[in-house]
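A short write-up of the structure that comes next.
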Amino acid sequence: MGRRKGGNKNPDPGGGQKGSSSNGLLDAATRMSIAGGEEVDEVMEERIDSSNLENPPASLALIGSDKTSADYYFDSYSHFGIHEEMLKDVVRTKTYQNVIYQNTFLFKNKVVLDVGAGTGILSLFCAKAGAKHVYAIECSLMADMAKEIVQANGFSNVITILKGKVEEIELPVTHVDVIISEWMGYFLLFENMLNTVLYARDKWLINDGIVLPDKASLYLTAIEDAEYKEDKIEFWNKVYGFDMSCIKKLAMMEPLVDTVDHNQIVTKCQLLKTMDISKMAPGDASFTAPFKLVAQRNDYIHALVAYFDVSFTKCHKLTGFSTGPRSKTTHWKQTVLYLEDVLIICEGEALVGSMTVEPNKKNPRDIEIMLKYSLNGQRCQVSRTQHYKMR
């Protein structure tokens with residue numbers, strides 16, 4: 001899964017890209033190495049002198065300050081950076097906060113289960129809203145920090161942090177009244193955390209209990225993106241005079257996560273799939289959906305763009321948010337799927353086809369996407385099938 005160059009645009013100027021860590025001193029040392037080795041030595045000495053890791057607290061060691069990128073592949077949510085990005089996503093976090101604080105009748109004196117609790121922010125919201133007790137399950141090492149956070153804020157008697165996989169945890173209670181989770185991934189379904197929420201629902205939720213959020217919808221539209229497709233895809237045709245087009249085939253198969261300018265949108269949007277989290281079966285996350293994207297102007301189409309909306313329908317007033325290109329930016333951005341063809345489309349013409357989405361058989365947290373599309377227009381006739389892998 002790719003990202004645009006310079007594409008870690010965050011909803012908050014202080015936010016960071018998922019899984020990344022900023023190291024300004026190291027960058028400075030790299031730049032200075034070009035000018036001269038002595039300056040690098042000075043920087044490294046300054047870095048050692050100013051180190052705050054000489055006697056790190058036990059909780060900081062749990063975050064894995066000496067972990068490698070290979071370790072983070074298996075435990076990426078142990079790193080604070082990814083949580084910083086999500087917490088600074090105001091659209092995401094404020095929506096959950098408003099859902100809880102403005103609908104306390106859903107939480108007051110209720111037993112709540114927080115699936116994938118991270119720092120425990122949703123659990124803290126629920127406790128403050130009057131929940132009887134909150135059980136927060138977190139599999140990563142961040143669970144140890146969440147315990148400290150809960151204690152520091154005086155909610156240890158209301159919130160219990162449980163470290164482990166949902167499928168392996170035994171709750172101290174047989175049932176819960178509410179399940180809350182921020183399970184959505186890129187393209188809605190990347191990382192496949194939805195199935196974990198459904199497992200918890202089927203095992204612990206009372207018959208008339210609620211799941212928050214309870215609705216999620218995936219949408220598709222088409223964009224003009226000549227400049228960036230040239231930079232991202234066509235780049236591989238000639239690299240410093242050498243043919244590297246074999247990599248181009250791989251680049252085409254990798255969806256790109258980035259923000260899309262709404263002015264690039266060429267067609268109307270199409271609803272692909274709506275999921276009712278309170279009723280759906282785990283297998284419903286795999287689907288084939290038809291689409292018909294009608295052009296709103298004469299233009300070129302270089303890519304299709306997927307995004308999702310989330311709804312909390314059990315609130316006093318319908319609440320939710322969108323990750324679409326016409327909405328305020330979130331850390332999910334949008335997912336861009338480049339087409340092998342450059343389509344010439346006229347206003348009123350339709351790009352039709354279907355999209356098949358299913359988890360990878362070897363790693364169900366990855367996604368396989370098959371796109372079939374055709375255009376029978378005045379100036380362009382094409383029919384093709386493309387395959388993509390989000391990993």
Side-chain angles (χ1 to χ4, degrees), residues 1-2 186-190 215-230 232-234 248-249 251-276 280 283-309 322-327 332-359 367-390:
M1 179 178 62
Y186 299 128
F187 190 73
L188 182 61
L189 297 170
F190 183 61
K215 294 284 176 64
S217 299
L218 187 65
Y219 292 87
L220 193 67
T221 190
I223 63 168
E224 181 281 324
D225 202 17
E227 182 178 352
Y228 193 72
K229 187 183 179 187
E230 180 71 24
K232 169 74 176 177
I233 307 296
E234 306 304 332
K248 176 181 174 179
K249 298 173 184 176
M252 287 292 299
M253 293 179 66
E254 185 174 279
L256 188 72
V257 173
D258 194 21
T259 51
V260 171
D261 187 331
H262 66 87
N263 292 314
Q264 294 176 257
I265 299 172
V266 176
T267 69
K268 294 181 179 179
C269 66
Q270 169 81 52
L271 173 65
L272 287 178
K273 177 79 171 178
T274 294
M275 300 178 187
D276 186 336
M280 68 181 290
D284 294 344
S286 298
F287 62 89
T288 297
F291 64 82
K292 181 179 180 180
L293 303 177
V294 180
Q296 296 179 300
R297 63 174 184 259
N298 289 3
D299 212 327
Y300 301 92
I301 293 176
H302 299 90
L304 300 189
V305 173
Y307 63 93
F308 64 88
D309 294 355
S322 174
T323 64
R326 298 187 189 278
S327 301
W332 288 286
K333 306 180 178 74
Q334 293 87 43
T335 302
V336 182
L337 300 96
Y338 283 108
L339 306 180
E340 292 186 25
D341 308 282
V342 176
L343 308 182
I344 306 171
I345 197 166
C346 299
E347 183 178 0
E349 293 179 349
L351 177 65
V352 298
S354 66
M355 178 178 283
T356 299
V357 178
E358 60 184 6
I367 297 177
E368 305 278 348
I369 302 170
M370 180 174 71
L371 182 67
K372 294 182 178 180
Y373 63 89
S374 63
L375 173 63
N376 187 19
Q378 300 175 33
R379 298 167 185 167
C380 182
Q381 297 82 42
V382 66
S383 181
R384 190 180 294 276
T385 299
Q386 287 186 231
H387 296 268
Y388 304 87
K389 297 177 184 292
M390 291 194 75

Seminar exercise, completed: To the nearest 0.5 Å, atom CG of Leu220 lies from atom OH of Tyr307 at 9.0 Å
For this session: Applying ring-ring contact (aromatic ring centres under 6.0 Å, His included), name anything that partners Tyr388, two or more places apart in sequence or on another chain.
Result: none
Problem set entry | Reported CG-to-CD1 distance for the pair Leu343 and Ile345, which is rounded to 0.5 angstrom | 7.0 Å
For this session: Mind checking the CD1-CG spacing from Ile233 to Leu339? Nearest 0.5 Å is all I need.
Result: 10.5 Å
For this session: Can you measure from NZ (Lys372) to CE (Met355) and round to the nearest 0.5 angstrom?
Result: 13.0 Å
Seminar exercise, completed: Output for pair (Lys215 NZ, Met280 CE), nearest 0.5 Å, gives 12.0 Å
Exercise. Would Leu351 and Thr267 satisfy side chain to side chain contact (heavy atoms under 4.5 Å, CB included), going step by step from the backbone distance to the final call?
Worked result: CA-CA 9 Å; Leu351 177 65; Thr267 69; 5.7 Å; no
Exercise. Taking the side chain as C-beta and beyond, is there a heavy-atom pair between Ile223 and His302 under 4.5 Å?
Worked result: no
For this session: Please tell me if the side chains of Val336 and Lys232 come closer than 4.5 Å, counting only heavy atoms from C-beta onward.
Result: no
For this session: Look at Glu368 together with Lys389 and state whether they make a salt bridge at an N to O cut-off of under 4.0 Å.
Result: yes
Exercise. Is Ser322 close to Tyr219 at the side-chain level, that is, under 4.5 Å between some pair of heavy atoms?
Worked result: no
Exercise. Under 3.5 Å, side chain of Thr274 to main-chain N/O of Ser217, donor-acceptor pair present?
Worked result: no
Exercise. Is any side-chain heavy atom of Val260 less than 4.5 Å from a side-chain heavy atom of Tyr228?
Worked result: no
Exercise. Excluding sequence neighbours, so at least two apart, what forms salt bridge (Lys or Arg N to Asp or Glu O under 4.0 Å) with Asp309?
Worked result: none
Problem set entry | Leu218 side chain near Phe287 side chain, heavy-atom distance below 4.5 Å | yes
For this session: Drop me the distance from Leu375's CG to Glu349's CD, to the nearest 0.5 angstrom.
Result: 6.0 Å
Problem set entry | Met275/Asp284 under side chain to side chain contact (heavy atoms under 4.5 Å, CB included): CA gap, chis, key distance, verdict | CA-CA 8 Å; Met275 300 178 187; Asp284 294 344; over 6 Å; no
Exercise. Can you tell if the side chain of Val305 reaches within under 4.5 Å of the side chain of Asp225, non-hydrogen atoms only?
Worked result: no
Problem set entry | Sub-4.5 Å side-chain heavy-atom contact between Gln270 and Lys268 | no
Exercise. Judged by atom type as modelled, is there a donor-acceptor pair below 3.5 Å linking the side chain of Glu224 to the main-chain atoms of Ala226?
Worked result: yes
Problem set entry | Plane angle bin for Phe190 and Tyr186 - parallel if under 30°, tilted between 30 and 60°, otherwise perpendicular | parallel
Exercise. Does any non-hydrogen side-chain atom of Arg326 lie less than 4.5 Å from one of Ile265?
Worked result: yes
Seminar exercise, completed: Residues at least two apart in sequence or cross-chain that pass salt bridge (Lys or Arg N to Asp or Glu O under 4.0 Å) with Arg384, listed by chain then number, are Glu340, Asp341
Problem set entry | Side-chain (Thr323) to main-chain (Phe308) donor-acceptor, under 3.5 angstrom | yes
